[in-house]
J.: 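Structure below; questions to follow.
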Amino acid sequence: MSPRAPRSFFRRDPVVLARALLGQRLVRIADDGTRLAGIIVETEAYLGELDRAAHTFGGRRTQRNASMWRDGGHAYVYFTYGMHYCMNVVAELAEKPTAVLLRALEPVEGIDAMRRNRGAAGRPDSHLCSGPAKLCQALAIDRSLDGVDMVESEMLFIEQVRCRNFPKTAIMTGPRIGIGYAQEWIHKPLRFWIGGSGHVSR
DNA sequence: ATGACGATTTACT
DNA sequence: GTAAATCGTCATA
């Protein structure tokens with residue numbers, strides 16, 4: 001049983017956290033007790049008030065994005081496109097609204113339940129969590145988990161994998177997806193993934 | 001009160 | 001590659 005990531009793991013620069021989260025295990029205990037888990041293989045960093053792509057750009061603070069303003073280690077789950085949820089891991093300290101979007105997982109526990117949650121009978125594992133909304137659907141993550149403190153929660157947390165089985169050189173970078181409105185921030189290399197994973201998005 | 005818009009996914013041409 | 005699905009959220013009034 002791996003140790004849970006402590007507060008200090010999350011209270012870091014979002015770019016550092018985005019890279020550190022690769023290879024770690026996201027765990028969701030479903031309402032019926034089923035353990036759903038996957039290794040994080042793709043992330044994006046959102047840099048807060050200066051970042052045009054971030055929900056907190058310009059210091060925007062609303063009911064929707066309130067969780068981004070909380071202490072590192074909280075979950076920020078939002079609803080978009082009228083039908084999808086996406087999940088972020090909040091970085092740094094309270095009142096510093098930066099976060100890391102989880103874009104893809106390699107499923108490792110509760111795969112049958114994930115396939116059921118996704119309505120993806122007969123489809124390969126690589127289709128279950130290969131996108132930010134797909135992984136939320138697979139792990140039954142919705143707005144009821146917005147604002148959860150992952151350092152304390154029994155429903156949603158990160159287990160630290162001590163020996164990540166990929167070299168640092170395997171971390172690839174590229175522009176973030178779906179932020180065409182973000183002007184000069186569009187091309188910044190703030191997306192990170194494990195090269196050759198087979199479980200990344202697209 | 002209203003209108004425009006998504007940090008997406010899926011199916012179809 | 002293009003388009004539809006679908007509605008909470010937020011800025012404007």
Side-chain angles (χ1 to χ4, degrees), chain A residues 10 13-19 21-22 26 38 40-70 72 74-92 96-107 114-148 150 156 172-193 197-202:
Chain A
F10 301 104
D13 176 276
V15 171
V16 173
L17 181 59
R19 302 180 76 109
L21 279 166
L22 295 176
L26 177 70
I40 298 168
V41 297
E42 184 180 351
T43 60
E44 281 178 0
Y46 285 84
L47 309 193
E49 303 183 65
L50 298 174
D51 180 357
R52 270 194 190 282
H55 290 165
T56 50
F57 173 68
R60 252 189 6 261
R61 185 173 198 159
T62 64
Q63 194 161 6
R64 179 211 208 192
N65 70 19
S67 298
M68 268 190 83
W69 294 83
R70 301 187 68 178
H74 285 79
Y76 167 42
V77 181
Y78 68 91
F79 183 70
T80 191
Y81 289 105
M83 61 191 98
H84 299 303
Y85 296 97
C86 295
M87 173 187 169
N88 293 254
V89 175
V90 176
E92 299 187 280
K96 187 89 190 298
T98 59
V100 176
L101 173 71
L102 301 185
R103 283 197 62 88
L105 310 176
E106 174 179 341
M114 291 186 194
R115 190 170 277 111
R116 237 176 292 123
N117 290 343
R118 291 265 299 124
R123 304 246 284 287
D125 291 2
S126 61
H127 288 208
L128 297 179
C129 301
S130 54
K134 293 183 188 179
L135 72 89
C136 283
Q137 188 178 31
L139 302 211
I141 294 167
D142 62 22
R143 266 236 114 193
S144 69
L145 293 174
D146 178 52
V148 160
M150 292 192 288
L156 184 66
M172 315 296 283
T173 69
R176 294 173 292 183
I177 303 293
I179 55 155
Y181 53 84
Q183 302 178 25
E184 73 271 23
W185 290 84
I186 291 174
H187 297 107
K188 298 202 187 276
L190 294 173
R191 181 162 53 100
F192 306 91
W193 70 93
S197 160
H199 294 271
V200 298
S201 64
R202 296 288 180 81

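All values derive from a computational prediction rather than experimental measurement. Below, read A as the first sequence line, B as the second, and so on, with proteins coming before strands; counting in each chain starts at 1.
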J.: Could you check how far CZ of A:F57 sits from C1' of B:dA7, rounded to whole Å?
T.: 15 Å
J.: Have a look at A:E42 and tell me which of A:H199, A:R202, A:R103 forms a side-chain hydrogen bond (donor to acceptor under 3.5 Å, both in side chains) with it.
T.: A:R103
J.: What pattern of brackets, bars and dots sums up DNA chain C from 5' to 3', given Watson-Crick or G-U wobble pairs under 3.5 Å, [ ] for crossing pairs and | for another strand?
T.: |||||.||||||.
J.: How far apart are the closest heavy atoms of A:H55 and A:R60, and which atoms are they?
T.: O-NH2, 3.0 Å
J.: What integer distance in Å separates A:M87:CE from B:dT8:C1'?
T.: 17 Å
J.: Relative to the 5' end of DNA chain C, which residue comes earlier, A:R60 or A:M83, by the nucleotide with the nearest heavy atom?
T.: A:M83
J.: Using a 4.5 Å cut-off on heavy atoms from C-beta on, say whether the side chain of A:L105 contacts that of A:L139.
T.: yes
J.: To the nearest Å, how far apart are A:I177 CD1 and B:dT9 P?
T.: 10 Å
J.: Any idea which heavy atoms bring A:H74 and A:M150 closest together, and the distance?
T.: O-CE, 3.9 Å
J.: Applying ring pair (Phe, Tyr, Trp, His ring centres under 6.0 Å), name anything that partners A:Y85, two or more places apart in sequence or on another chain.
T.: A:F79
J.: Evaluate the criterion side chain to side chain donor-acceptor pair (under 3.5 Å) for residue pair A:D146 and A:S67; output intermediate values, then yes/no.
T.: CA-CA 7 Å; A:D146 178 52; A:S67 298; 3.0 Å; yes
J.: Base, sugar-phosphate, or nothing for A:M68, non-hydrogen atoms under 4.0 angstrom?
T.: base
J.: Can you pull the contact range of chain A along DNA chain C, 5' to 3', using atoms under 4.0 angstrom from its heavy atoms?
T.: C:dA5 to C:dA11
J.: Output the rounded distance in Å from CG (A:L135) to C1' (B:dT8).
T.: 12 Å
J.: Is the phosphate of B:dG6, meaning OP1 or OP2, less than 4.0 Å from a side-chain N or O of A:R64?
T.: no
J.: A:H55 has a side chain; which of B:dA7, B:dT9, B:dT8 sits nearest to it?
T.: B:dA7
J.: When you match A:R143 and A:H84 each to their closest nucleotide on DNA chain C, which lands nearer the 5' end?
T.: A:H84
J.: Are A:Y46 and A:I179 close enough, and set up right, to give a side-chain contact (heavy atoms from CB on, under 4.5 Å), and what steps lead you there?
T.: CA-CA 11 Å; A:Y46 285 84; A:I179 55 155; 3.9 Å; yes
J.: Round to the nearest Å and state the distance from A:L190 atom CG to B:dA7 atom P.
T.: 15 Å
J.: Quick check on DNA chain B: between A:A53 and A:R123, whose nearest nucleotide comes earlier from the 5' end?
T.: A:A53
J.: Can you tell which of B:dT10, B:dA7, B:dT9 lies closest to the side chain of A:L101?
T.: B:dA7
J.: Just how far, in rounded Å, is C1' of B:dT8 from CD of A:E42?
T.: 13 Å
J.: If you look at every strand shown and take non-hydrogen atoms under 4.0 Å, does A:Y81 touch a base, only sugar-phosphate, or nothing?
T.: base
J.: Heavy atoms only: give me the nearest A:R64-A:R143 pair and the separation to one decimal.
T.: O-NH2, 2.8 Å
J.: Going from SG on A:C86 to CG on A:L135, what distance comes out if it is rounded to the nearest 0.5 angstrom?
T.: 8.0 Å
J.: In whole Å, what is the span from the CD1 atom of A:I179 to the P atom of B:dG6?
T.: 12 Å
J.: Over all heavy atoms of both residues, which pair between A:T62 and A:N65 is shortest? Give the atoms and the distance, please.
T.: N-OD1, 2.8 Å
J.: Quick one: label A:R118 by what it contacts on the DNA or RNA (base, sugar-phosphate, nothing), any heavy atom closer than 4.0 Å.
T.: sugar-phosphate
J.: Could you tell me the separation between the CZ atom of A:F79 and the P atom of B:dT9, rounded to a whole number of Å?
T.: 13 Å
